[in-house]
Amino acid sequence: MTSTALSTATAPVVSRRADRALWGMQILLALFYGVASAVPKLVAHSSATVTFDAIGCGGWLMYLTGVLELAGAIGLLVPRLAALAALGLVGVMLGAEVFTWAFLDGVNWATPLIAAAFLGAVAYGRRHTLTVPHRR
């Protein structure tokens, strides 16, 4: 077998419809994390500072979360980074879930889990980008 035959034999087959659906989900998630979630944290908008003040970690955690969300949003739009970015954002959402229950009395507890489910779907759909091709 040639290297071309090996790469096409092991690459997952993604239909055009599934690929478009994944791109649509990636774009929407990137807009959400980049604009609606990261920007308020990075500019210290009152909607973000109130939440992080309730957690008691000060501004450093708010800025760190904003940077991670912005990096993840950009990564979702880069084909080779999409799966890794989605997995990173799943980690951020799991952290948000822990802080929600520990410091915010479970208010809006479902939001991080729903976001993590969508991000998990992107990570699964783009999982083929996580593998390293064999070189001979």
Side-chain angles (χ1 to χ4, degrees):
M1 272 190 192
T2 65
S3 62
T4 307
L6 280 175
S7 64
T8 56
T10 59
V13 178
V14 179
S15 71
R16 181 177 283 181
R17 182 177 289 165
D19 187 57
R20 286 181 180 168
L22 281 169
W23 270 113
M25 198 175 341
Q26 286 170 237
I27 291 167
L28 290 174
L29 286 166
L31 286 171
F32 171 74
Y33 281 103
V35 178
S37 192
V39 169
K41 292 173 182 78
L42 294 174
V43 300
H45 190 270
S46 62
S47 62
T49 57
V50 168
T51 301
F52 283 88
D53 285 344
I55 292 171
C57 291
W60 71 269
L61 184 61
M62 178 179 66
Y63 291 118
L64 175 64
T65 305
V67 167
L68 292 174
E69 289 176 344
L70 184 60
I74 294 167
L76 285 171
L77 301 176
V78 179
R80 297 191 120 210
L81 298 177
L84 191 58
L87 287 174
L89 286 170
V90 166
V92 172
M93 290 300 95
L94 293 178
E97 187 67 21
V98 169
F99 277 91
T100 296
W101 286 105
F103 298 102
L104 305 174
D105 299 324
V107 176
N108 297 323
W109 64 270
T111 304
L113 295 179
I114 293 168
F118 284 114
L119 291 162
V122 169
Y124 182 78
R126 300 295 185 204
R127 69 191 179 280
H128 64 278
T129 64
L130 294 174
T131 61
V132 177
H134 298 339
R135 298 197 183 215
R136 290 184 182 201

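All heavy atoms count here, side chains included; hydrogens, waters and symmetry mates do not. Residue indices begin at 1 and follow the sequence shown.
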State, yes or no, whether a side-chain contact exists between [X] and [Y] at a heavy-atom distance under 4.5 Å.
{"X": "L130", "Y": "L84", "result": "yes"}
{"X": "V92", "Y": "Y33", "result": "no"}
{"X": "H45", "Y": "V50", "result": "no"}

Point-to-point distance, once rounded to the nearest 0.5 Å, from [atom1] of [X] to [atom2] of [Y]:
{"X": "R126", "Y": "L22", "atom1": "CZ", "atom2": "CG", "answer": "4.5 Å"}
{"X": "L77", "Y": "L29", "atom1": "CG", "atom2": "CG", "answer": "10.0 Å"}
{"X": "F52", "Y": "F103", "atom1": "CZ", "atom2": "CZ", "answer": "11.5 Å"}
{"X": "K41", "Y": "T49", "atom1": "NZ", "atom2": "OG1", "answer": "11.5 Å"}
{"X": "D19", "Y": "Q26", "atom1": "CG", "atom2": "CD", "answer": "8.0 Å"}

Work out which heavy atom in [X] is nearest to a heavy atom in [Y]; give both atom names and the distance.
{"X": "M93", "Y": "A115", "value": "SD-CB, 3.9 Å"}
{"X": "A38", "Y": "G66", "value": "CB-O, 3.4 Å"}
{"X": "S47", "Y": "P40", "value": "OG-CB, 4.1 Å"}
{"X": "A85", "Y": "G75", "value": "CB-C, 3.5 Å"}
{"X": "V39", "Y": "G34", "value": "CG2-O, 3.2 Å"}
{"X": "A54", "Y": "L104", "value": "CB-CD2, 3.7 Å"}

Indicate if [X] and [Y] have the same hydrophobic cluster label, given that clusters are the connected sets of ILVMFWY residues with side-chain heavy-atom separations under 4.5 angstrom.
{"X": "V35", "Y": "V78", "answer": "no"}
{"X": "L28", "Y": "I74", "answer": "no"}
{"X": "M25", "Y": "Y124", "answer": "no"}
{"X": "W60", "Y": "I55", "answer": "yes"}
{"X": "F32", "Y": "W23", "answer": "no"}

- Message: So, applying side-chain contact (heavy atoms from CB on, under 4.5 Å) with W109, which one of V107, D105, L113 is it?
- Response: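 Of V107, D105, L113, side-chain contact (heavy atoms from CB on, under 4.5 Å) with W109 is met by L113 alone.
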- Message: Consider side-chain contact (heavy atoms from CB on, under 4.5 Å). Of V122, L119, L68, which one does L89 pass it with?
- Response: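 Testing L89 for a side-chain contact (heavy atoms from CB on, under 4.5 Å) against V122, L119, L68 leaves exactly one candidate, L119.
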